[in-house]
Protein chains: 2
Amino acid sequence: MTIRLLLADDQALVRGALAALLGLEPDLEVVAEVGSGDEVVEAALTHRPDVCLLDVEMPGLDGLGAAAALRDRVPTTKVLMVTTFGRPGYLRRALQAGAAGFVVKDTPAARLADAVRRVHQGLRVVDPALATDSLLAGESPLTPRETDVLRAARDGASVATIARRLVLSEGTVRNHLSSAIGKTAAGNRAEAVLTAEQNGWL
Amino acid sequence: MTIRLLLADDQALVRGALAALLGLEPDLEVVAEVGSGDEVVEAALTHRPDVCLLDVEMPGLDGLGAAAALRDRVPTTKVLMVTTFGRPGYLRRALQAGAAGFVVKDTPAARLADAVRRVHQGLRVVDPALATDSLLAGESPLTPRETDVLRAARDGASVATIARRLVLSEGTVRNHLSSAIGKTAAGNRAEAVLTAEQNGWL
DNA sequence: ACCTCGCCGTGACAGGTGTCACGGGTCCGC
DNA sequence: GCGGACCCGTGACACCTGTCACGGCGAGGT
């Protein structure tokens with residue numbers, strides 16, 4: 001009995017390469033590949049895979065959202081997240097979204113097939129180093145609105161621009177920013193964006 | 001006669017996956033894999049590959065530097081750059097560093113093997129869409145010093161911090177920044193960093 | 001010799017930014 | 001009910017930033 005796989009990654013090259021890698025295993029079979037999170041549920045409904053490999057960073061619906069959608073619409077398929085960035089917040093959010101495993105792209109290729117098999121058996125697969133980081137970093141201290149403001153500040157927009165985008169007063173934007181800067185122990189808006197991004201809070 | 005390949009990518013998973021993908025082709029053979037740019041020359045000297053696949057983003061010596069080192073020390077091996085980001089400046093700098101081909105990770109997996117074969121035959125391989133972007137974006141308008149200052153400003157450092165890092169007067173830093181902001185058509189330091197990064201000028 | 005360009009610095013100025021104190025509003029849990 | 005969050009807003013203040021004008025220096029081209 002082979003394990004049926006669905007691959008989701010926006011980079012066609014690594015998608016195909018992963019397919020080739022996993023296709024070498026006799027007990028694994030890649031039944032579908034998609035390039036964006038929006039196509040995941042549809043492909044899962046038609047091909048009924050046992051395990052779905054999701055990249056976190058994708059255009060449109062990202063891997064976290066796709067995992068949540070799969071949990072609701074196709075609960076029989078297990079989700080294994082595969083990501084380039086080992087951001088602590090990603091791990092937490094992925095598990096909350098119903099993912100059964102979380103692997104960073106630094107892990108040796110040989111271990112990926114094992115991770116797939118374990119997920120298929122109903123086990124949790126988590127990078128141990130990342131798990132400690134996740135506990136250490138803790139949940140996001142930012143309020144929803146602070147997160148919005150920081151997100152809107154990612155491209156270097158001015159206070160006036162952010163205020164216009166979120167339909168807020170400039171003073172309110174400055175207050176939210178100031179609060180976020182304090183919580184991230186930054187001295188600066190740009191620094192706050194950076195550390196928040198590194199922790200997966202955005 | 002098989003084509004001997006050397007893979008260089010910091011992400012072990014995609015490195016292994018690419019090896020699996022290319023290993024499926026009967027005329028290709030992966031003879032070595034490395035995880036950083038510093039190991040490229042040494043591995044090339046011992047394994048004498050025909051073609052070397054280099055990722056641009058790597059810790060230590062990056063792909064551009066590794067390509068230049070290969071051109072000088074092991075000129076018999078052709079270089080094919082493989083990168084996630086299609087930044088115009090990367091393409092230019094890669095070609096200047098002696099790379100024979102440039103492929104972004106969005107390209108379909110089937111075309112990678114062809115790219116390798118063409119590079120091995122002495123042909124140039126360049127993503128056509130990226131080539132036009134490269135011509136359109138043009139060379140970096142930033143002077144060396146302006147580039148330094150922008151690089152130092154990437155983590156959101158204040159003018160005082162940048163001045164301390166580069167051993168400059170704060171006024172000079174502000175002047176360089178102002179000039180860079182003007183050249184990148186930005187309204188802001190953060191914006192200037194962003195557009196400079198997107199064009200591969202840093 | 002001359003001009004140009006990049007580099008470094010100074011001084012001054014308007015405007016943006018970060019902080020604080022304050023008020024008012026909603027919603028939730030004890 | 002009553003405190004405690006989060007949200008939104010105002011006003012004021014010190015500070016940082018971005019811009020401009022100006023000067024001097026060295027390297028390279030005509």
Side-chain angles (χ1 to χ4, degrees), chain A residues 89 92-93 96 137-202, chain B residues 89 92-93 96 137-202:
Chain A
R92 176 192 333 279
R93 286 200 274 167
Q96 283 173 351
E139 199 144 358
S140 170
L142 303 173
T143 70
R145 219 47 176 154
E146 286 163 1
T147 312
D148 289 342
V149 174
L150 266 196
R151 237 195 296 262
R154 266 196 288 198
D155 57 356
S158 67
V159 171
T161 311
I162 300 174
R164 239 177 293 119
R165 276 212 269 251
L166 301 183
V167 200
L168 284 179
S169 160
E170 297 194 12
T172 305
V173 171
R174 284 217 297 273
N175 284 337
H176 282 309
L177 275 177
S178 180
S179 170
I181 291 172
K183 287 179 181 176
T184 53
N188 198 319
R189 182 189 331 191
E191 265 187 272
V193 170
L194 231 66
T195 67
E197 236 168 9
Q198 284 170 354
N199 289 54
W201 293 340
L202 297 189
Chain B
R92 174 192 336 278
R93 286 200 273 168
Q96 284 173 352
E139 199 144 358
S140 170
L142 303 172
T143 71
R145 220 43 178 155
E146 286 162 2
T147 312
D148 289 342
V149 175
L150 266 196
R151 239 195 295 261
R154 265 196 290 198
D155 57 355
S158 67
V159 171
T161 311
I162 300 174
R164 238 177 295 120
R165 277 213 268 252
L166 301 184
V167 199
L168 284 179
S169 160
E170 297 193 12
T172 306
V173 171
R174 285 215 297 274
N175 283 337
H176 283 309
L177 275 177
S178 181
S179 169
I181 291 173
K183 288 179 181 176
T184 53
N188 200 320
R189 181 191 330 192
E191 266 187 88
V193 169
L194 232 65
T195 67
E197 236 169 10
Q198 284 170 353
N199 289 43
W201 293 341
L202 297 189

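A note on names: the letters A, B, ... follow the listed sequences, proteins ahead of strands, and every chain is numbered from 1.
- Residues forming a side-chain contact (heavy atoms from CB on, under 4.5 Å) with A/Ala163 (at least two apart in sequence, or on another chain): A/Glu170, A/Val173.
- Rounded to a whole Å, the CG atom of B/Leu177 is 12 Å from the C1' atom of D/dC16.
- Across the protein-nucleic acid pair, A/Arg174 atom CZ and C/dT19 atom P stand 11 Å apart, rounded to whole Å.
- Near DNA chain D, defined here as any heavy-atom distance below 4.0 Å, the residues from residues 144-173 of chain B are B/Ser158, B/Val159, listed numerically.
- Atom-to-atom distance recorded for B/Arg92:CZ and B/Glu139:CD is 5.0 Å, nearest 0.5 angstrom.
- Annotation: side-chain hydrogen bond (donor to acceptor under 3.5 Å, both in side chains) contacts of A/Asp148 (sequence neighbours excluded): A/Arg145.
- In plain terms, the two heavy atoms of B/Leu150 and B/Ala196 that are nearest each other are CD1-CB, 3.8 Å.
- Listed by first then second residue, pairs satisfying salt bridge (Lys or Arg N to Asp or Glu O under 4.0 Å) with a partner in residues 156-165 of chain B read B/Asp155-B/Arg165, not counting sequence neighbours.
- Atom pair B/Lys183:NZ and D/dT19:C1' shows a separation of 16 Å (rounding to whole Å applied).
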So which protein nitrogen or oxygen atoms get under 3.5 Å of nucleotides 21-28 of chain D's nitrogens or oxygens?
none

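- Each end of the helix from C/dA1-D/dT30 to C/dC30-D/dG1 gets its own axis, taken as the rotation carrying the C1' atoms of four end pairs onto the next four within a five-pair window, and the two axes meet at 30° to the nearest 10 degrees.
- Here the side chains of B/Trp201 and B/Thr184 are in contact, with some heavy-atom distance below 4.5 Å.
- The two residues A/Gly156 and B/Ala190 come nearest to each other via the heavy atoms CA-CB, 3.6 Å.
- Residues passing the side-chain contact (heavy atoms from CB on, under 4.5 Å) test with B/Ser158, sequence neighbours excluded: B/Ala160, B/Thr161.
- When every heavy atom of A/Ala192 is checked against every heavy atom of A/Ala186, the shortest pair comes out as N-CB, 3.5 Å.
- When the C1' atom of D/dC16 is taken as reference, atom CG of B/Asn188 falls 13 Å away, rounded to whole Å.
- Atom NE2 in B/His176 sits about 13 Å away from atom C1' in C/dC5, given to the nearest Å.
- In plain terms, the two heavy atoms of A/Ala157 and A/Ala152 that are nearest each other are CB-O, 3.8 Å.
- The side-chain contact (heavy atoms from CB on, under 4.5 Å) test applied to B/Thr147 returns B/Leu142, B/Arg151, B/Leu202, not counting sequence neighbours.
- For residues 180-202 of chain B, the salt bridge (Lys or Arg N to Asp or Glu O under 4.0 Å) pairs, not counting sequence neighbours, are B/Glu146-B/Lys183, B/Arg154-B/Glu197.
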Next item on the list: Would you give a per-nucleotide map of nucleotides 23-28 of chain C, 5' to 3', where B means the base has a protein non-hydrogen atom under 4.0 Å away, S means only the sugar-phosphate does, and - means neither?
Entry: ------
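- Closest approach of B/Ile162 to B/Ala153, counting heavy atoms only: CD1-CB, 3.7 Å.
- Within the 4.0 angstrom heavy-atom criterion, only backbone atoms of the sugar-phosphate kind lie near A/Thr143; the bases stay farther away.
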